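Take a look at the structure set out below.
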Amino acid sequence: MATLTVDPLVSRRTADFVTQAHRIFIDGRFVESASGKTFPVYNPATGDVITHVPEAEAEDVNRAVLAARRAFDEGPWPRILPSERGRLLWRLADLVEKHLDEFAEIESVDNGKPYSVARVADVPLTVDMFRYMAGWATKISGTTLPLSAGYDFHSYTMREPIGVVGQIIPWNFPLLMAAWKIAPALACGCTLVLKLAEQTPLSGLRLAQLIAEAGFPPGVANVLTGFGEGAGAPLAAHDLVDKIAFTGSTEVGRLIVHAAAGNLKKVSLELGGKSPAIVFPDAKLDEAIAGTASAIFFNQGQCCCAGSRLYAHEKIFDQVVEGVSRAAAEIKMAPGLDPSCQMGPLVSDEQYRKVVGYIESGIAEGAHVAAGGPISGVERGYFVRPTVLTNTNSNMKVVQEEIFGPVVCAVPFGDEDVERIVKRANDTVFGLAASVWTQNISLAHKVARGLRAGTVWVNCHNVFDASLPFGGYKQSGWGREMGAEVLHNYTEVKAVTVAL
Ligand code: NAP
Ligand code: MG
(Lines give C-alpha, C1' and ligand atoms only; values in the text may rest on other atoms or scores of the structure.)
(Ligands and ions follow the chains in the order given, each with its own letter.)
Protein backbone atom coordinates (compact mmCIF):
# COMPACT_ATOMS: atom_id res chain seq x y z
CA MET A 1 0.00 0.00 0.00
CA ALA A 2 2.91 2.35 -0.58
CA THR A 3 0.52 4.74 -2.30
CA LEU A 4 -0.28 6.46 1.00
CA THR A 5 1.64 9.71 0.55
CA VAL A 6 4.27 9.61 3.24
CA ASP A 7 6.24 12.56 1.93
CA PRO A 8 7.29 13.31 -1.63
CA LEU A 9 10.91 13.58 -0.47
CA VAL A 10 11.15 10.27 1.38
CA SER A 11 13.00 7.31 -0.15
CA ARG A 12 11.08 4.34 -1.48
CA ARG A 13 12.55 2.06 1.19
CA THR A 14 11.43 4.31 4.03
CA ALA A 15 7.99 4.83 2.44
CA ASP A 16 7.60 1.04 2.27
CA PHE A 17 8.53 0.67 5.92
CA VAL A 18 6.23 3.50 7.02
CA THR A 19 3.21 2.22 5.14
CA GLN A 20 3.59 -1.47 5.99
CA ALA A 21 1.09 -3.16 8.32
CA HIS A 22 2.73 -2.51 11.70
CA ARG A 23 2.77 -4.93 14.63
CA ILE A 24 3.80 -4.65 18.25
CA PHE A 25 6.82 -6.65 19.45
CA ILE A 26 6.07 -9.15 22.21
CA ASP A 27 8.14 -12.19 23.22
CA GLY A 28 10.33 -11.97 20.13
CA ARG A 29 7.42 -11.88 17.67
CA PHE A 30 5.60 -9.15 15.81
CA VAL A 31 1.91 -9.49 16.64
CA GLU A 32 -1.33 -7.57 16.31
CA SER A 33 -2.86 -5.92 19.35
CA ALA A 34 -5.42 -8.10 21.13
CA SER A 35 -8.26 -5.81 20.08
CA GLY A 36 -6.97 -5.39 16.52
CA LYS A 37 -7.45 -1.63 16.95
CA THR A 38 -5.06 0.80 15.31
CA PHE A 39 -4.52 4.56 15.34
CA PRO A 40 -3.21 7.01 12.73
CA VAL A 41 0.28 8.47 12.47
CA TYR A 42 0.70 11.96 10.94
CA ASN A 43 3.42 13.71 8.99
CA PRO A 44 3.74 16.99 10.90
CA ALA A 45 4.96 18.83 7.80
CA THR A 46 1.67 18.21 6.01
CA GLY A 47 -0.84 17.04 8.60
CA ASP A 48 -1.49 13.97 6.43
CA VAL A 49 -2.06 10.50 7.84
CA ILE A 50 0.93 8.44 6.69
CA THR A 51 0.20 5.09 8.32
CA HIS A 52 -1.53 3.31 11.20
CA VAL A 53 -0.05 1.43 14.14
CA PRO A 54 -1.57 -0.99 16.66
CA GLU A 55 -3.27 0.42 19.72
CA ALA A 56 -1.93 -1.72 22.54
CA GLU A 57 -4.09 -1.83 25.65
CA ALA A 58 -4.05 -3.50 29.06
CA GLU A 59 -4.24 -7.03 27.64
CA ASP A 60 -1.24 -6.44 25.38
CA VAL A 61 0.66 -4.80 28.21
CA ASN A 62 -0.04 -7.84 30.33
CA ARG A 63 1.18 -10.21 27.60
CA ALA A 64 4.36 -8.19 27.20
CA VAL A 65 4.99 -8.00 30.95
CA LEU A 66 4.50 -11.77 31.30
CA ALA A 67 6.98 -12.35 28.46
CA ALA A 68 9.50 -10.01 30.11
CA ARG A 69 8.86 -11.73 33.45
CA ARG A 70 9.54 -15.19 31.95
CA ALA A 71 12.67 -13.94 30.21
CA PHE A 72 13.91 -12.50 33.49
CA ASP A 73 12.86 -15.26 35.90
CA GLU A 74 13.30 -18.41 33.81
CA GLY A 75 14.60 -17.46 30.40
CA PRO A 76 18.18 -17.22 29.23
CA TRP A 77 18.62 -13.61 30.31
CA PRO A 78 19.57 -14.09 33.97
CA ARG A 79 22.15 -16.72 33.01
CA ILE A 80 23.59 -14.95 30.01
CA LEU A 81 27.21 -13.80 30.47
CA PRO A 82 27.73 -10.05 30.85
CA SER A 83 30.10 -10.20 27.89
CA GLU A 84 27.31 -11.66 25.78
CA ARG A 85 24.95 -8.84 26.84
CA GLY A 86 27.65 -6.39 25.83
CA ARG A 87 28.16 -8.14 22.50
CA LEU A 88 24.41 -8.00 21.69
CA LEU A 89 24.22 -4.30 22.56
CA TRP A 90 27.25 -3.59 20.38
CA ARG A 91 25.66 -5.55 17.56
CA LEU A 92 22.48 -3.50 17.92
CA ALA A 93 24.59 -0.31 17.74
CA ASP A 94 26.17 -1.57 14.50
CA LEU A 95 22.76 -2.33 13.02
CA VAL A 96 21.38 1.11 13.87
CA GLU A 97 24.50 2.70 12.39
CA LYS A 98 24.11 0.64 9.22
CA HIS A 99 20.60 2.09 8.83
CA LEU A 100 21.53 5.66 9.79
CA ASP A 101 19.96 7.33 6.74
CA GLU A 102 16.78 5.32 7.04
CA PHE A 103 16.35 6.17 10.73
CA ALA A 104 16.98 9.86 9.98
CA GLU A 105 14.26 9.77 7.33
CA ILE A 106 11.82 8.00 9.64
CA GLU A 107 12.45 10.52 12.43
CA SER A 108 11.96 13.38 10.02
CA VAL A 109 8.61 12.25 8.60
CA ASP A 110 7.31 11.07 11.96
CA ASN A 111 8.50 13.85 14.27
CA GLY A 112 9.00 16.71 11.79
CA LYS A 113 12.62 17.40 12.69
CA PRO A 114 15.18 18.24 9.98
CA TYR A 115 16.58 15.11 8.35
CA SER A 116 20.03 16.72 8.48
CA VAL A 117 19.76 17.10 12.25
CA ALA A 118 18.50 13.57 12.87
CA ARG A 119 21.43 12.33 10.78
CA VAL A 120 24.09 14.09 12.86
CA ALA A 121 22.39 14.12 16.27
CA ASP A 122 19.56 11.68 17.02
CA VAL A 123 20.91 8.62 15.24
CA PRO A 124 24.66 8.91 16.05
CA LEU A 125 23.85 9.65 19.71
CA THR A 126 21.68 6.52 19.70
CA VAL A 127 24.55 4.45 18.34
CA ASP A 128 26.91 5.93 20.96
CA MET A 129 24.48 5.14 23.75
CA PHE A 130 24.26 1.46 22.78
CA ARG A 131 28.07 1.21 22.44
CA TYR A 132 28.72 3.05 25.70
CA MET A 133 26.31 0.83 27.64
CA ALA A 134 27.68 -2.29 25.90
CA GLY A 135 30.95 -1.45 27.67
CA TRP A 136 29.24 -1.19 31.07
CA ALA A 137 27.67 -4.66 30.80
CA THR A 138 30.96 -6.24 31.93
CA LYS A 139 31.79 -3.63 34.56
CA ILE A 140 28.85 -3.72 36.94
CA SER A 141 30.28 -4.75 40.26
CA GLY A 142 30.12 -4.29 44.00
CA THR A 143 32.71 -3.45 46.64
CA THR A 144 34.28 -5.10 49.66
CA LEU A 145 33.74 -3.30 52.93
CA PRO A 146 35.69 -3.23 56.20
CA LEU A 147 33.19 -3.54 59.07
CA SER A 148 33.33 -1.55 62.27
CA ALA A 149 31.78 -4.62 63.93
CA GLY A 150 35.15 -6.38 63.74
CA TYR A 151 37.60 -8.38 61.69
CA ASP A 152 35.64 -11.60 61.98
CA PHE A 153 33.35 -10.71 59.11
CA HIS A 154 33.83 -10.52 55.40
CA SER A 155 31.35 -8.21 53.70
CA TYR A 156 30.80 -7.28 50.12
CA THR A 157 28.09 -5.80 47.94
CA MET A 158 26.84 -6.94 44.58
CA ARG A 159 24.74 -5.07 42.03
CA GLU A 160 21.90 -7.13 40.60
CA PRO A 161 19.39 -6.29 37.88
CA ILE A 162 16.23 -4.78 39.29
CA GLY A 163 14.04 -7.13 37.23
CA VAL A 164 11.28 -6.33 34.76
CA VAL A 165 11.30 -2.68 33.77
CA GLY A 166 8.42 -0.69 32.25
CA GLN A 167 9.61 2.25 30.16
CA ILE A 168 7.55 5.13 28.76
CA ILE A 169 9.03 7.73 26.41
CA PRO A 170 8.02 11.01 24.71
CA TRP A 171 8.11 12.15 21.10
CA ASN A 172 10.83 14.81 20.97
CA PHE A 173 13.76 12.43 20.27
CA PRO A 174 11.89 9.19 19.59
CA LEU A 175 14.80 6.88 18.74
CA LEU A 176 17.27 8.45 21.16
CA MET A 177 14.82 8.31 24.07
CA ALA A 178 14.28 4.62 23.31
CA ALA A 179 18.07 4.09 23.42
CA TRP A 180 18.45 6.02 26.70
CA LYS A 181 15.96 3.58 28.20
CA ILE A 182 16.74 0.26 26.50
CA ALA A 183 20.55 0.36 26.54
CA PRO A 184 21.18 0.69 30.29
CA ALA A 185 18.33 -1.65 31.26
CA LEU A 186 19.71 -4.43 29.06
CA ALA A 187 23.32 -3.74 30.07
CA CYS A 188 22.28 -4.22 33.70
CA GLY A 189 20.52 -7.51 32.91
CA CYS A 190 16.93 -6.31 33.21
CA THR A 191 14.18 -7.22 30.78
CA LEU A 192 11.80 -4.56 29.59
CA VAL A 193 8.53 -3.40 28.10
CA LEU A 194 8.86 -0.09 26.27
CA LYS A 195 5.85 2.05 25.33
CA LEU A 196 6.57 4.48 22.51
CA ALA A 197 4.94 7.91 22.25
CA GLU A 198 1.66 7.93 20.32
CA GLN A 199 2.86 10.79 18.07
CA THR A 200 6.13 9.09 17.02
CA PRO A 201 5.93 5.30 17.04
CA LEU A 202 7.85 4.52 13.85
CA SER A 203 11.57 4.58 14.69
CA GLY A 204 10.90 2.45 17.79
CA LEU A 205 9.13 -0.16 15.67
CA ARG A 206 12.08 -0.19 13.26
CA LEU A 207 14.40 -0.53 16.23
CA ALA A 208 12.36 -3.52 17.43
CA GLN A 209 13.09 -5.22 14.09
CA LEU A 210 16.80 -4.67 14.67
CA ILE A 211 16.51 -5.98 18.26
CA ALA A 212 15.13 -9.18 16.76
CA GLU A 213 17.86 -9.22 14.09
CA ALA A 214 20.62 -8.64 16.65
CA GLY A 215 19.60 -11.89 18.36
CA PHE A 216 18.32 -10.79 21.77
CA PRO A 217 16.39 -13.73 23.26
CA PRO A 218 12.56 -13.54 23.07
CA GLY A 219 10.87 -11.51 25.80
CA VAL A 220 13.99 -9.57 26.80
CA ALA A 221 12.85 -6.38 25.07
CA ASN A 222 9.20 -5.83 24.17
CA VAL A 223 8.00 -2.76 22.29
CA LEU A 224 4.44 -1.42 22.28
CA THR A 225 2.61 1.34 20.46
CA GLY A 226 -0.41 2.83 22.18
CA PHE A 227 -1.75 5.72 24.19
CA GLY A 228 -0.74 6.96 27.60
CA GLU A 229 -3.97 6.08 29.33
CA GLY A 230 -4.60 2.84 27.46
CA ALA A 231 -1.10 1.35 27.53
CA GLY A 232 1.15 3.58 29.66
CA ALA A 233 -1.08 3.61 32.72
CA PRO A 234 -1.54 -0.20 32.95
CA LEU A 235 2.22 -0.63 32.48
CA ALA A 236 2.97 1.83 35.30
CA ALA A 237 0.46 0.10 37.57
CA HIS A 238 1.34 -3.52 36.72
CA ASP A 239 2.14 -5.64 39.79
CA LEU A 240 4.70 -7.77 37.97
CA VAL A 241 6.75 -4.77 36.89
CA ASP A 242 9.65 -4.05 39.28
CA LYS A 243 10.51 -0.61 38.06
CA ILE A 244 9.10 2.11 35.87
CA ALA A 245 11.31 4.58 33.99
CA PHE A 246 9.47 7.56 32.53
CA THR A 247 10.38 10.58 30.40
CA GLY A 248 7.75 13.21 29.66
CA SER A 249 5.75 15.95 31.31
CA THR A 250 5.87 16.69 35.02
CA GLU A 251 2.09 16.31 35.12
CA VAL A 252 2.17 12.72 33.84
CA GLY A 253 5.23 12.07 36.02
CA ARG A 254 2.98 12.61 39.03
CA LEU A 255 0.45 10.11 37.65
CA ILE A 256 3.27 7.58 37.24
CA VAL A 257 4.24 7.97 40.89
CA HIS A 258 0.64 7.30 41.95
CA ALA A 259 0.31 4.32 39.61
CA ALA A 260 3.55 2.85 40.97
CA ALA A 261 2.30 2.97 44.56
CA GLY A 262 0.35 -0.31 44.29
CA ASN A 263 3.38 -2.61 44.41
CA LEU A 264 5.83 0.16 45.36
CA LYS A 265 7.82 -0.43 42.22
CA LYS A 266 10.94 1.70 41.84
CA VAL A 267 10.48 4.87 39.80
CA SER A 268 12.81 7.10 37.82
CA LEU A 269 11.54 10.24 36.12
CA GLU A 270 13.01 12.60 33.56
CA LEU A 271 10.58 15.52 33.41
CA GLY A 272 10.18 19.04 32.19
CA GLY A 273 12.35 22.09 32.53
CA LYS A 274 12.50 25.85 32.20
CA SER A 275 16.21 26.17 31.83
CA PRO A 276 18.01 29.51 32.14
CA ALA A 277 20.82 30.69 29.89
CA ILE A 278 22.76 33.46 31.65
CA VAL A 279 24.92 35.81 29.60
CA PHE A 280 27.42 38.01 31.44
CA PRO A 281 28.78 41.20 29.84
CA ASP A 282 32.27 39.74 29.39
CA ALA A 283 31.03 36.76 27.33
CA LYS A 284 32.24 36.31 23.76
CA LEU A 285 29.06 37.81 22.38
CA ASP A 286 29.01 36.17 18.96
CA GLU A 287 29.32 32.75 20.54
CA ALA A 288 26.85 33.56 23.30
CA ILE A 289 24.27 34.80 20.80
CA ALA A 290 24.63 31.80 18.49
CA GLY A 291 24.72 29.47 21.49
CA THR A 292 21.69 30.83 23.30
CA ALA A 293 19.70 30.95 20.04
CA SER A 294 20.45 27.30 19.39
CA ALA A 295 19.78 26.53 23.07
CA ILE A 296 16.12 27.41 22.51
CA PHE A 297 15.57 26.77 18.80
CA PHE A 298 17.26 23.37 18.46
CA ASN A 299 14.69 20.63 17.75
CA GLN A 300 11.99 23.30 17.30
CA GLY A 301 12.39 24.09 20.99
CA GLN A 302 11.04 20.68 21.90
CA CYS A 303 13.83 19.85 24.34
CA CYS A 304 13.31 19.31 28.04
CA CYS A 305 16.54 21.28 28.62
CA ALA A 306 15.79 24.08 26.12
CA GLY A 307 17.25 27.43 27.22
CA SER A 308 13.83 29.04 27.43
CA ARG A 309 14.72 31.83 29.88
CA LEU A 310 17.48 34.05 28.56
CA TYR A 311 19.06 36.32 31.20
CA ALA A 312 21.47 38.90 29.81
CA HIS A 313 23.28 41.74 31.56
CA GLU A 314 21.70 45.13 30.82
CA LYS A 315 24.92 46.38 29.19
CA ILE A 316 24.62 43.80 26.43
CA PHE A 317 20.91 42.99 26.66
CA ASP A 318 19.85 44.87 23.51
CA GLN A 319 22.72 43.40 21.54
CA VAL A 320 21.91 39.86 22.68
CA VAL A 321 18.18 40.23 21.98
CA GLU A 322 18.93 41.71 18.59
CA GLY A 323 21.36 38.92 17.77
CA VAL A 324 19.06 36.11 18.88
CA SER A 325 16.14 37.77 17.07
CA ARG A 326 18.19 38.02 13.88
CA ALA A 327 19.14 34.36 14.21
CA ALA A 328 15.45 33.55 14.69
CA ALA A 329 14.41 35.52 11.63
CA GLU A 330 17.07 33.86 9.48
CA ILE A 331 16.11 30.28 10.37
CA LYS A 332 14.65 28.59 7.31
CA MET A 333 11.46 26.72 8.15
CA ALA A 334 10.60 23.88 5.81
CA PRO A 335 9.50 20.24 5.87
CA GLY A 336 12.22 18.20 7.57
CA LEU A 337 13.28 16.38 4.42
CA ASP A 338 13.65 19.56 2.37
CA PRO A 339 17.42 20.07 2.01
CA SER A 340 17.03 23.76 2.90
CA CYS A 341 15.26 22.97 6.19
CA GLN A 342 16.81 24.40 9.36
CA MET A 343 13.67 24.15 11.45
CA GLY A 344 10.81 21.73 10.91
CA PRO A 345 7.23 21.78 12.14
CA LEU A 346 6.27 20.97 15.72
CA VAL A 347 5.32 17.37 16.34
CA SER A 348 1.53 17.63 16.32
CA ASP A 349 -1.49 19.84 15.93
CA GLU A 350 -1.96 19.66 19.71
CA GLN A 351 1.59 20.88 20.36
CA TYR A 352 1.20 23.58 17.70
CA ARG A 353 -1.94 24.92 19.38
CA LYS A 354 -0.35 24.77 22.80
CA VAL A 355 2.74 26.73 21.76
CA VAL A 356 0.78 29.35 19.79
CA GLY A 357 -1.51 29.67 22.81
CA TYR A 358 1.52 30.44 25.02
CA ILE A 359 2.78 33.11 22.61
CA GLU A 360 -0.66 34.71 22.59
CA SER A 361 -0.92 34.56 26.38
CA GLY A 362 2.50 36.25 26.69
CA ILE A 363 1.40 39.05 24.37
CA ALA A 364 -1.88 39.44 26.24
CA GLU A 365 0.07 39.76 29.50
CA GLY A 366 2.22 42.54 28.04
CA ALA A 367 5.25 40.84 26.49
CA HIS A 368 6.85 42.41 23.39
CA VAL A 369 7.56 40.26 20.36
CA ALA A 370 11.16 40.89 19.25
CA ALA A 371 11.01 38.08 16.67
CA GLY A 372 8.50 35.51 15.46
CA GLY A 373 4.99 35.60 16.86
CA PRO A 374 1.85 33.48 16.72
CA ILE A 375 1.38 33.50 12.94
CA SER A 376 3.71 31.25 10.98
CA GLY A 377 2.67 32.23 7.48
CA VAL A 378 3.11 28.59 6.40
CA GLU A 379 -0.09 27.14 4.99
CA ARG A 380 0.29 23.47 5.85
CA GLY A 381 1.95 21.68 8.71
CA TYR A 382 2.47 22.55 12.34
CA PHE A 383 5.04 25.33 11.89
CA VAL A 384 5.70 27.89 14.60
CA ARG A 385 8.16 30.70 13.96
CA PRO A 386 11.10 30.94 16.34
CA THR A 387 9.96 33.59 18.77
CA VAL A 388 11.74 35.99 21.12
CA LEU A 389 9.71 37.72 23.84
CA THR A 390 10.93 40.66 25.92
CA ASN A 391 9.30 42.76 28.61
CA THR A 392 8.27 39.63 30.48
CA ASN A 393 8.12 39.19 34.22
CA SER A 394 8.29 36.22 36.51
CA ASN A 395 4.52 36.13 37.08
CA MET A 396 3.78 35.41 33.44
CA LYS A 397 2.84 31.92 32.32
CA VAL A 398 5.41 32.11 29.51
CA VAL A 399 8.15 32.59 32.10
CA GLN A 400 7.00 29.97 34.61
CA GLU A 401 5.62 27.12 32.50
CA GLU A 402 7.37 24.78 30.09
CA ILE A 403 6.27 25.79 26.59
CA PHE A 404 8.15 23.06 24.72
CA GLY A 405 8.38 25.09 21.56
CA PRO A 406 10.73 27.66 19.96
CA VAL A 407 9.87 30.49 22.35
CA VAL A 408 12.37 32.29 24.56
CA CYS A 409 11.75 34.97 27.20
CA ALA A 410 14.64 37.42 27.43
CA VAL A 411 15.16 39.24 30.73
CA PRO A 412 17.86 41.81 31.64
CA PHE A 413 19.79 41.88 34.89
CA GLY A 414 21.90 44.65 36.39
CA ASP A 415 25.10 44.81 38.41
CA GLU A 416 23.63 42.59 41.10
CA ASP A 417 25.72 40.19 43.11
CA VAL A 418 26.06 36.68 41.78
CA GLU A 419 23.77 35.24 44.45
CA ARG A 420 20.85 37.36 43.28
CA ILE A 421 21.29 36.37 39.66
CA VAL A 422 21.52 32.73 40.63
CA LYS A 423 18.42 33.13 42.77
CA ARG A 424 16.46 34.47 39.81
CA ALA A 425 17.72 31.66 37.60
CA ASN A 426 16.60 29.19 40.27
CA ASP A 427 13.16 30.79 40.60
CA THR A 428 11.19 27.95 39.02
CA VAL A 429 9.82 24.60 40.15
CA PHE A 430 12.14 22.93 37.62
CA GLY A 431 15.85 22.15 37.85
CA LEU A 432 16.94 20.30 34.76
CA ALA A 433 19.68 22.34 33.09
CA ALA A 434 21.26 25.77 32.73
CA SER A 435 23.99 27.50 30.78
CA VAL A 436 26.39 30.26 31.79
CA TRP A 437 28.18 32.47 29.29
CA THR A 438 31.28 34.32 30.52
CA GLN A 439 35.07 34.45 30.13
CA ASN A 440 35.51 34.78 33.89
CA ILE A 441 36.42 31.32 35.08
CA SER A 442 35.77 31.97 38.74
CA LEU A 443 32.37 33.52 38.00
CA ALA A 444 31.45 30.54 35.81
CA HIS A 445 32.25 28.07 38.59
CA LYS A 446 30.47 30.16 41.23
CA VAL A 447 27.30 30.28 39.16
CA ALA A 448 27.57 26.58 38.30
CA ARG A 449 27.78 25.82 42.00
CA GLY A 450 24.75 27.94 42.86
CA LEU A 451 22.41 26.64 40.18
CA ARG A 452 19.93 24.01 41.32
CA ALA A 453 20.02 21.99 38.11
CA GLY A 454 21.19 18.53 37.07
CA THR A 455 23.29 19.88 34.20
CA VAL A 456 25.23 23.13 33.91
CA TRP A 457 26.90 24.07 30.65
CA VAL A 458 29.55 26.80 30.51
CA ASN A 459 29.87 28.60 27.16
CA CYS A 460 27.80 25.87 25.52
CA HIS A 461 24.28 24.41 25.76
CA ASN A 462 22.68 21.13 24.68
CA VAL A 463 25.93 19.17 24.78
CA PHE A 464 25.04 15.53 25.36
CA ASP A 465 27.21 12.50 25.79
CA ALA A 466 26.45 8.94 26.83
CA SER A 467 29.07 9.34 29.60
CA LEU A 468 27.36 12.37 31.20
CA PRO A 469 24.61 11.82 33.76
CA PHE A 470 21.44 13.71 32.86
CA GLY A 471 18.40 14.41 35.01
CA GLY A 472 16.67 16.90 37.20
CA TYR A 473 16.65 18.59 40.56
CA LYS A 474 13.29 19.59 42.05
CA GLN A 475 10.26 18.82 39.87
CA SER A 476 12.43 17.95 36.89
CA GLY A 477 12.70 14.38 38.01
CA TRP A 478 14.12 11.51 40.02
CA GLY A 479 17.36 9.74 39.15
CA ARG A 480 19.80 10.18 36.31
CA GLU A 481 20.02 8.78 32.81
CA MET A 482 23.31 7.92 31.09
CA GLY A 483 26.80 7.82 32.52
CA ALA A 484 27.67 5.44 35.31
CA GLU A 485 24.85 7.02 37.33
CA VAL A 486 22.17 5.30 35.26
CA LEU A 487 23.31 1.92 36.58
CA HIS A 488 21.65 2.89 39.86
CA ASN A 489 18.34 3.17 38.00
CA TYR A 490 18.41 -0.45 36.91
CA THR A 491 20.18 -2.33 39.71
CA GLU A 492 19.54 -3.28 43.31
CA VAL A 493 22.42 -3.47 45.76
CA LYS A 494 22.80 -6.54 47.91
CA ALA A 495 25.06 -6.53 50.97
CA VAL A 496 26.45 -9.97 51.87
CA THR A 497 28.11 -10.53 55.23
CA VAL A 498 29.96 -13.73 56.13
CA ALA A 499 31.02 -14.61 59.69
CA LEU A 500 34.54 -15.97 59.31
P1 NAP B 1 3.29 13.26 28.22
O2 NAP B 1 1.81 13.30 28.17
O3 NAP B 1 3.96 13.36 29.53
O4 NAP B 1 3.74 11.93 27.48
C5 NAP B 1 4.95 11.22 27.69
C6 NAP B 1 4.66 9.74 27.61
O7 NAP B 1 3.81 9.35 28.68
C8 NAP B 1 3.93 9.33 26.35
O9 NAP B 1 4.38 8.05 25.95
C10 NAP B 1 2.49 9.31 26.82
O11 NAP B 1 1.63 8.55 26.04
C12 NAP B 1 2.66 8.70 28.19
N13 NAP B 1 1.53 8.93 29.08
C14 NAP B 1 0.59 9.91 29.02
N15 NAP B 1 -0.31 9.76 30.02
C16 NAP B 1 0.06 8.67 30.71
C17 NAP B 1 -0.46 8.01 31.86
N18 NAP B 1 -1.54 8.44 32.48
N19 NAP B 1 0.19 6.91 32.32
C20 NAP B 1 1.29 6.48 31.70
N21 NAP B 1 1.82 7.04 30.62
C22 NAP B 1 1.22 8.14 30.13
O23 NAP B 1 3.87 14.34 27.27
P24 NAP B 1 3.21 14.83 25.91
O25 NAP B 1 1.71 14.80 25.98
O26 NAP B 1 3.82 14.07 24.85
O27 NAP B 1 3.68 16.31 25.94
C28 NAP B 1 3.06 17.21 26.84
C29 NAP B 1 4.07 18.12 27.43
O30 NAP B 1 5.04 17.38 28.17
C31 NAP B 1 4.90 18.88 26.44
O32 NAP B 1 4.26 19.99 25.96
C33 NAP B 1 6.12 19.19 27.25
O34 NAP B 1 5.91 20.32 28.03
C35 NAP B 1 6.28 17.99 28.12
N36 NAP B 1 7.28 17.04 27.60
C37 NAP B 1 8.46 16.91 28.25
C38 NAP B 1 9.41 16.04 27.78
C39 NAP B 1 10.72 15.87 28.45
O40 NAP B 1 11.62 15.31 27.86
N41 NAP B 1 10.88 16.28 29.66
C42 NAP B 1 9.17 15.29 26.65
C43 NAP B 1 7.94 15.41 26.01
C44 NAP B 1 7.00 16.28 26.52
P45 NAP B 1 1.07 9.14 24.67
O46 NAP B 1 1.87 8.39 23.69
O47 NAP B 1 -0.37 8.82 24.60
O48 NAP B 1 1.32 10.61 24.67
MG1 MG C 1 0.13 13.24 26.27
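Nothing here was measured: the structure is a model prediction, and the numbers come from that model. Every number for a ligand or one of its atoms is a count from 1 in the order of the listing.
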Distance-minimising heavy-atom pair for A71 and V220 | CB-N, 3.9 Å
Taking only residues two or more places apart in sequence or in another chain, which ones pass side chain to side chain contact (heavy atoms under 4.5 Å, CB included) with T38?
-> H52
Note: heavy atom closest to atom 19 (N) of ligand 1, options A233, G226, C304, belongs to A233
Nearest heavy atom to atom 2 (O) of ligand 1: which of T250, L346, L235, V252 does it belong to?
-> V252
Measure centre to centre between the rings of F173 and W180, then say whether the value is under 6.0 Å.
-> no
Would one find more than 12 heavy atoms of other residues, nucleotides or ligands at under 6.0 Å from atom CZ of R23?
-> yes
Atoms of ligand 1 less than 4.0 Å from G272 heavy atoms?
-> 41 (N)
Heavy atoms of other groups near E59 CD, more than 12 under 6.0 Å = no
Hey, which atoms in ligand 1 end up nearer than 4.0 Å to a heavy atom of G232?
-> 19 (N), 20 (C), 21 (N)
Taking atom types as modelled, is there a side-chain donor on K274 or S476 under 3.5 Å from an acceptor on the other?
-> no
Contacting atoms of ligand 1, where contact means under 4.0 angstrom from a heavy atom of A197 = 9 (O), 46 (O)
Could you check which of S348, S249, G253 puts a non-hydrogen atom nearest to atom 28 (C) of ligand 1?
-> S249
Taking atom types as modelled, find out whether W457 and T455 have a side-chain donor-acceptor pair closer than 3.5 angstrom.
-> no
Mind checking whether A236 has a heavy atom under 4.0 Å from ligand 1?
-> no
Determine, considering heavy atoms only, which of K195, M177, E198 sits nearest to atom 10 (C) of ligand 1.
-> K195
Contact atoms of ligand 1, heavy-atom distance to W171 under 4.0 Å | 24 (P), 26 (O), 27 (O)
Per-atom contacts, ligand 1 versus L255 - under 4.0 Å to a heavy atom = 18 (N)
Heavy-atom contacts under 4.0 Å between Q351 and ligand 1: side chain, backbone, both, or neither?
-> side chain
Enter the distance from K397:NZ to Y358:OH here, rounded to the nearest 0.5 Å.
-> 5.5 Å
Would you kindly specify which portion of L271 sits under 4.0 Å from ligand 1, judged on non-hydrogen atoms: side chain, backbone, both or neither?
-> backbone
Under 4.0 Å from any heavy atom of I256, which atoms of ligand 1 are there?
-> 20 (C)
Check each of I169, I403, V347, L194 against atom 9 (O) of ligand 1 and report the one with the nearest heavy atom.
-> I169
Under 4.0 Å from one or more heavy atoms of T247, ligand 1 contributes atoms 5 (C), 40 (O)
Side chain, backbone, both or neither: Q302 near ligand 1, heavy atoms under 4.0 Å | neither
Considering non-hydrogen atoms only, spot the tightest contact between L432 and G273 and give its length.
-> CB-CA, 4.3 Å
Minimum heavy-atom distance between Q20 and F17, given as atom pair plus value = CG-O, 3.0 Å
Pairs flagged by salt bridge (charged side-chain N to carboxylate O under 4.0 Å, His left out) wherever residues 166-183 is involved - sequence neighbours left out | K181-E481
Among F246, Y358, F227, F173, whose heavy atom sits nearest atom 7 (O) of ligand 1?
-> F246
